[in-house]
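Scope of the values below: all heavy atoms of this structure, side chains included, with no hydrogens, waters or symmetry mates.
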Amino acid sequence: MKVPARCLLIILVIASSLPELAGSESACGLELPSRLRCESLENPQGIDVPQPRLSWQLQSSGRSQRQTAYQILVASSPDLLAADRGDLWDSGKVNSGKCSLIPYQGNELRSGQALHWKVRVWDVKDVASGYSAPAKFSTGLLDPEDWAAKWIASPEEGSPLMRKSFVLDRPVRRAVLYISGIGYCEPYLNGEKVGDHVLDPSSTYYTNDQPWPLTDRVLYVTHDVTQIIQPGENALGAMLGHGWYSADRTPPGRQVYGDRPRLLAQLIIEHPEGEPTVIATDNTWQSHPGPVTANEICLGEDYDARLESRGWNTPAALTSDWRPAIEVEVPSPNLSAQMLPPCRVVSSLPAVKLTETAPGVYLFDFGQHFSGWTQLKVTGDRGRVVTLRHAGAVFPDGSLDTRSHYAATQTDQYTLRGNADEVWEPRFTLHGFRYVEMRGFPGTPTLETLVGRHVRNAVEISGTFECSNPLLNQLQSNIQWTLATSFQGIPQDAAERPERMGWLGDTGFVAEEYFVNFDTAAFWTKWLQDIRDTQRPNGDVSVICPIHLGRVPGLPESKAWRGAPDWTSTYPLLVWYMYWYYGDQRIVEEHYEPLKRLVAWYESQADDGILGSVLGDHMEPQDDGSGSYLPLRTPADLTTTCYYFRVVTVLQQMAQMLGHTDDAAHYVDLAKRIQTAFHSRFFNAATNVYGTGSQASLAVPLEMAIVPAEFQADVLQALIHAIEEKDDHFSTGIIGTRGVSEALSRHNRSDVMFRLATQTTYPSWGDQIQKGATSIWESFGGAYANTQHTHSLNMKMFCNASKFLHQELAGLAPTEAGYKRVQIHPQVVGGMISASSTQQTPQGRFHVAWRSQPETFELQVTIPPGTVADVKLPVGSLEHASVMESGQMIWTSGSPHPGPAGIHALQRGDSTIDLTIDSGTYAFSVNNDR
């Protein structure tokens with residue numbers, strides 16, 4: 001049949017378009033890239049990294065998919081990006097499966113620059129996706145010379161209002177505010193609060209007052225205010241609070257840096273033509289006392305609404321009684337961009353119970369111990385004072401119990417403006433609490449009178465866990481709430497007392513619990529810089545960071561450096577966790593030299609390979625229900641030398657990764673010498689135990705792999721015996737509790753750890769839960785077990801169970817850095833029926849859920865593109881079990897069957913059927929035929 005020429009032309013046109021269609025979004029096996037991040041932050045403003053790193057995540061409805069190439073476009077405007085023009089950087093097609101932490105390699109970045117970017121990827125068949133939705137980031141002021149602003153303050157001490165009015169007579173293209181107010185600052189423009197941050201900026205070591213060189217630092221925050229700026233008259237203002245920098249009353253348990261809050265602000269207004277307009281702090285600004293009459297981070301805030309200057313932050317403000325601001329000394333020459341999720345009010349909690357405990361005294365119960373404050377709704381006479389006291393516990397008669405607070409009063413006072421409905425909440429304080437006592441309320445309050453406001457760094461929850469055991473579900477909830485409470489610009493300690501510091505050890509011993517629950521990459525990047533800033537010339541770092549506590553100017557030795565290598569080991573271990581969980585090699589490179597100096601300091605302090613500590617296994621539970629500050633069961637030099645060994649092995653891995661072969665060889669040799677000295681000093685060959693034979697004496701050496709291979713089985717058995725002697729209860733402090741969990745998990749004894757985790761009598765987590773705990777306590781015995789010591793009811797250092805729940809019970813654990821490869825090995829112990837874990841990782845979302853019945857075991861798995869999972873399916877009998885995946889048989893009669901796509905390497909394991917799977921979603925069903 002003869003085909004008309006016109007038809008041939010149509011066929012040729014269609015055929016010529018097929019390659020383009022093959023590269024279209026609909027044909028690609030990968031969905032559009034999503035969750036675009038710059039330096040692990042979503043659309044960050046004002047970063048100060050010369051080569052910021054870009055990341056994205058991938059999804060696919062199919063199996064065995066992976067990224068084979070990417071193309072990044074970075075443009076100077078949204079319009080150019082929409083036209084697929086990367087005028088700042090067009091990476092071209094890069095053949096790589098990497099989708100995380102890819103350095104920007106375009107034009108050199110300038111201060112105050114706005115950048116817009118997107119990415120597309122190619123799948124396993126080299127088919128391109130469409131471009132992602134656009135993302136953006138901007139740079140801060142990269143050169144100290146870019147700052148025209150001066151540090152200013154009020155001529156009066158206290159928490160002032162500061163303002164500057166100005167007139168704009170040119171059109172505005174873009175307006176950006178760079179601001180730092182220390183302790184805390186709340187900026188306003190034309191009557192509108194700028195941004196939704198609270199307790200901003202995050203605290204740092206503001207000014208070095210020690211007799212040795214240290215790095216002090218102040219953070220500034222960037223806000224795009226283009227939508228708030230207006231033609232003609234404008235007013236820029238700020239409310240200042242003391243925070244950690246200064247105080248208007250004696251602060252409990254810390255030393256101040258200055259006598260009053262300080263402000264640095266620079267508003268840069270770009271115009272379509274000509275030079276930008278710059279509004280910067282100097283002595284032409286004005287100051288006035290504010291309605292915040294007292295504030296302290298631990299004591300509380302007093303607010304007198306009668307002192308409000310109505311419209312003070314608008315152009316129409318009446319300022320005849322305002323005084324000129326004064327220029328003040330620079331607190332630190334080091335200004336850094338705040339590059340972590342800011343503190344926000346992340347959620348509101350309703351009160352669940354309201355009780356009148358005495359005439360005119362009301363107790364609100366929010367049902368959960370958390371960090372933040374309350375929002376008050378009130379109507380009453382002018383001058384009426386409402387007092388709010390916060391605490392985590394109540395006495396049996398229902399009255400507020402503040403014994404765990406020490407000197408932190410956690411009390412707010414609000415003086416009414418009068419004659420109208422009023423809504424108020426604090427700005428410059430922070431409380432840890434579940435209950436609030438109200439006095440002075442005009443009338444009778446309702447449950448709606450107070451609303452709990454949960455305040456923390458707005459890091460995302462990245463891990464969820466759920467199982468068939470209600471006690472473990474509550475334990476996971478308590479852990480997650482406790483960790484969440486601690487995100488306060490630093491990993492804060494005790495939520496309700498003055499000791500709200502960033503103790504290194506308290507954080508490091510539970511660091512991995514953070515990683516399996518929250519997306520903390522940017523948060524830790526900031527805190528690691530804080531730690532590095534405390535390093536002395538001898539290599540040692542502070543046990544508290546920033547150094548808000550124990551900073552005694554003029555003394556030759558400060559309490560912040562107290563000879564605790566077990567505590568300071570957090571520095572190198574946290575750097576390593578950043579690499580292991582996020583694949584961040586740059587942070588290893590940045591901290592490697594300081595870490596070498598720290599290990600050299602350890603070497604200089606060790607006695608023939610043995611390193612001691614003034615702390616050790618802190619908070620061992622005692623028979624009277626208290627926790628011992630110093631260990632009574634386990635030698636401190638035993639556990640500290642184990643950490644010394646672990647740090648050296650980690651430095652060896654870092655050195656090898658970075659190509660420092662001479663360093664690596666030195667650390668291999670040093671580790672061998674430490675191991676030999678440790679075994680010689682502490683091992684009893686007659687009893688096969690280390691040290692005293694306590695749980696910590698046995699568990700920590702197993703955890704740190706310092707036990708020679710030929711003794712590991714005997715030491716493990718001795719550990720299990722020591723646990724059984726305590727009727728499956730812990731006898732450990734914060735070092736030993738982690739050690740027990742890690743040792744049992746690594747040596748396949750999750751059954752023993754399960755028994756420990758599910759006890760309901762003292763000392764145990766379950767005992768706390770039985771007593772009503774909604775967070776993790778500082779001591780297994782709680783706050784009032786021993787009347788001589790009142791311990792915190794919200795403190796992170798015993799949060800050691802969450803990693804076990806995710807990685808052992810649910811069975812989802814990384815085996816390569818950055819979750820490129822994982823192991824899925826559910827532990828069906830203790831009569832558990834089901835468990836599930838979800839992890840949002842640099843590679844994407846992993847999900848594991850299993851259910852066990854007497855004859856069957858079901859496992860649901862989802863792993864993201866570009867990753868691989870090694871799966872271990874528990875079976876009753878390798879010979880009689882059969883395994884199906886999505887309805888298709890893959891194992892029967894002791895042998896594998898050719899299976900569905902994405903499944904490889906089926907083989908026998910030890911009471912498991914082992915297989916490897918590519919990305920995708922799988923449904924396994926094991927039938928244990930008898």
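Across Ser919, Pro864, Cys28, a single residue satisfies side chain to side chain contact (heavy atoms under 4.5 Å, CB included) together with Gln65, and that is Ser919.
Taking the charged nitrogens against the carboxylate oxygens, Glu742 and Arg646 have no contact shorter than 4.0 Å, which rules out a salt bridge. Ion pair Arg821/Asp870 flagged as a salt bridge, since at least one NZ, NE, NH1 or NH2 atom sits closer than 4.0 Å to an Asp/Glu carboxylate oxygen. The pair Lys726-Asp728 does not count as a salt bridge, with every side-chain nitrogen at least 4.0 angstrom from each carboxylate oxygen.
For Ser802 and Gln476, the side-chain atoms include at least one donor-acceptor pair closer than 3.5 Å. With 3.5 Å as the limit, one finds no donor-acceptor pair spanning the side chains of His454 and Ser347. Donor-acceptor pairing under 3.5 Å is recorded for the side chains of Asp918 and Ser64.
Not counting sequence neighbours, the partners of Phe518 by the ring pair (Phe, Tyr, Trp, His ring centres under 6.0 Å) test are Phe487. The side chain to side chain donor-acceptor pair (under 3.5 Å) test applied to Thr862 returns Thr921, not counting sequence neighbours. Looking at residues two or more places apart in sequence or on another chain, you find a side chain to side chain donor-acceptor pair (under 3.5 Å) between His369 and Asn794. With sequence neighbours left out, Ser60 forms a side chain to side chain donor-acceptor pair (under 3.5 Å) with no residue at all. Partners of Glu460 by side chain to side chain donor-acceptor pair (under 3.5 Å), not counting sequence neighbours, listed by chain and number: Arg35, Arg37. Judged as a side chain to side chain contact (heavy atoms under 4.5 Å, CB included), and not counting sequence neighbours, the contacts of Pro896 are Trp891, Leu906.
The shortest distance between side-chain heavy atoms of Phe780 and His729 does not fall below 4.5 Å. Side-chain contact between Ile72 and Trp56 is present, with at least one heavy-atom pair separated by less than 4.5 Å. Counting heavy atoms from C-beta outward, Cys38 and Asn43 have side chains that stay 4.5 Å or more apart. Using a 4.5 Å heavy-atom cutoff, the side chains of Gln768 and Asn478 are not in contact. Considering only heavy atoms from C-beta on, Leu719 comes within 4.5 Å of Leu744 through its side chain. In this structure, the side chains of Pro33 and Ser129 come closer than 4.5 Å at one or more pairs of heavy atoms. Annotation: side chain of Ile776 is in contact with side chain of Leu475 (closest heavy-atom distance under 4.5 Å). Between Glu703 and Cys642, the closest side-chain pair of non-hydrogen atoms is not below 4.5 Å.
Taking all atoms of both residues into account, the shortest heavy-atom contact from Gly736 to Val700 is CA-CG2, 4.2 Å. Contact record, Thr485 with Ser371: CG2-CB, 3.4 Å, taken as the closest heavy-atom pair. Contact record, Ala869 with Ile824: CB-CD1, 3.9 Å, taken as the closest heavy-atom pair. Contact detail for His847 and Ser836: the closest heavy-atom pair is CE1-CB, 4.3 Å. The minimum heavy-atom distance linking Glu885 with Pro900 is given by the pair OE1-CG, 3.4 Å. Between Arg434 and Gly367, the shortest heavy-atom distance links the atoms NE-CA, 3.5 Å.
Looking at Ser694, its side chain does come within 3.5 Å of a backbone N or O of Ser697 through a donor-acceptor pair. Judged by distance alone, with hydrogens and angles left aside, the side-chain atoms of Gln474 form no donor-acceptor pair with the main-chain N or O of Pro470 at under 3.5 Å. At distances below 3.5 Å, at least one donor-acceptor pair connects side-chain atoms of Ser468 with backbone N or O atoms of Ser834. When atom types are taken as modelled, the side chain of Gln480 and the backbone of Gly463 share a donor-acceptor pair closer than 3.5 angstrom. Judged by distance alone, with hydrogens and angles left aside, the side-chain atoms of Asn457 form no donor-acceptor pair with the main-chain N or O of Val459 at under 3.5 Å. Under a 3.5 Å cut-off, the side chain of Glu39 and the backbone N or O of Ala522 do not form any donor-acceptor pair.
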task: Please assess Val871 against Leu859 for the test side-chain contact (heavy atoms from CB on, under 4.5 Å), listing each intermediate value before the final yes or no.
output: CA-CA 10 Å; Val871 181; Leu859 175 66; 3.8 Å; yes
task: Could you walk me through whether Asn517 and Ile461 pass the side-chain contact (heavy atoms from CB on, under 4.5 Å) test, one step at a time?
output: CA-CA 6 Å; Asn517 282 287; Ile461 294 175; 5.9 Å; no
- request: Begin from the C-alpha positions of Gln840 and Gln57 and carry the test side-chain contact (heavy atoms from CB on, under 4.5 Å) through to its verdict.
  value: CA-CA 10 Å; Gln840 190 73 46; Gln57 291 185 3; 2.4 Å; yes
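The line from NE2 of His880 to CG of Asn928 is 11.0 Å long, rounded to the nearest 0.5 Å. Atom CD in Glu512 sits 9.0 Å away from atom CG in Leu573 (nearest 0.5 Å). Leu873 CG to Leu915 CG: the interatomic distance, rounded to the nearest 0.5 Å, is 5.5 Å. For the atom pair CG (Asp617) and OG1 (Thr732), the distance works out to 6.0 Å, reported to the nearest 0.5 Å. Rounding to the nearest 0.5 Å gives a distance of 7.5 Å between CD1 of Ile913 and CD1 of Ile890. Note: Cys467 SG to Trp850 CH2 = 8.0 Å, rounded to the nearest 0.5 Å.
Aromatic pair Phe857/Phe924: ring centres not closer than 6.0 Å. Tyr514 has its ring centre no less than 6.0 Å from the ring centre of Tyr581. Taking the six-membered ring where the residue is Trp, the centroids of Trp580 and Phe515 are separated by 6.0 Å or more. Between Phe730 and Trp765, the distance separating the two ring centers is shorter than 6.0 angstrom.
Crowding of His721 atom NE2: a count of heavy atoms from other residues, nucleotides or ligands under 6.0 Å not exceeding 12. No more than 12 heavy atoms of other residues, nucleotides or ligands shown are found within 6.0 angstrom of NZ on Lys125.
A cation-pi arrangement, defined by a distance under 6.0 Å to the six-membered ring centre and an angle within 45 degrees of its axis, is absent between Arg456 and Phe370.
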